[in-house]
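Residue numbers count from 1 along this sequence. For ligands, and for the atoms within them, numbers begin at 1 and follow the listed sequence.
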Amino acid sequence: MIITKSLAELETMREAGRITAACLRIVGEAVRPGITTAELDALAEEYIRGEGALPAFKGYHGFPATLCTSVDEEVVHGIPGPRVLTEGQILSVDCGAIVEGYYGDAARTFPVGAVSAEVTRLLEVTRASLEAGTACCRPDMRLFDISHAVQHVVEDAGFSVVREYVGHGIGRTMHEEPQVPNYGPAGKGPQLKPGMVFAIEPMVNAGGAPVRSLDDGWTVVTEDGSRSAHFENTIAVTEEGPLVLTRE
Ligand code: MG
Ligand code: MG
């Protein structure tokens, strides 16, 4: 069952989303060669708690940090630590905040210093695929219209969408029904309704789609070692169209 949220609930989710988005902006402004992912994590936790919110990921299924920080071929769920970022890398940062029991969830991929034109294109295409999926969050669309829109943008650009990890409903828990795959047939799936809220999160590989998990039990990497980008927002379906909750 897909849980729809009231306008009052959306207001609270908007605040969780605002804090999540601001946190990602602050982290993004701090990304530079020489900084460690643990330093970025500390910055994020301090900001979220300072806003009176809670980090959504810390302790989630035992995850040890506020952020997921995934470098280059790491797709998602990288653990912050002593790793020093270097020029030319990309860093995917996933972040969540809880306000009055409601969740916000978003991700951005940042270049570390100057990156190649092809890497810039990977980031632009991934962001554009999220925008295409977002545009489908309207009551006249079906769930897999979102999936299809994301896949279309990514594959037209010659990149691959990850199959094993997907977007999701979100509200009083971080992961609610339904799953929101980044691939699928247009015109299929449940009809969208006002008050539904989805975290849409394309994970896009420069090379092939297959991924595997590292021995730390968390970090997911591309099978072929190609780079991967990740953009995510929490978005409500409204009568007026998509409402992005994870923005400032
Ligand atoms: Mg996320
Ligand atoms: Mg998510």
Considering only distance and modelled atom types, tabulate donor-acceptor pairs under 3.5 Å from the side chains of residues 53-63, sequence neighbours left out.
from	atom 1	to	atom 2	distance (Å)
K58	NZ	E45	OE1	2.7
K58	NZ	E45	OE2	3.3
Y60	OH	H175	ND1	2.7

State yes or no: do F198 and V166 share one hydrophobic cluster built from I, L, V, M, F, W and Y residues joined by side-chain heavy-atom distances below 4.5 Å, directly or via other members?
no

Taking the six-membered ring of Y102 as reference, does the NZ or CZ atom of R172 fall below 6.0 Å from its centre and within a 45° cone about the axis?
yes

Taking it one step at a time, do L122 and E118 satisfy side-chain contact (heavy atoms from CB on, under 4.5 Å)?
CA-CA 6 Å; L122 176 67; E118 184 63 359; over 6 Å; no

For the residue pair R163 and Y183, would you count it as a cation-pi contact if the rule is NZ or CZ under 6.0 angstrom from the ring centre and within 45 degrees of the ring axis?
yes

Considering the Mg ion (ligand 2), could you give the total of protein N/O/S atoms lying closer than 2.8 Å?
4

Knowing that exactly one of I235, L243, T238 qualifies, which makes a side chain to side chain contact (heavy atoms under 4.5 Å, CB included) with C137?
I235

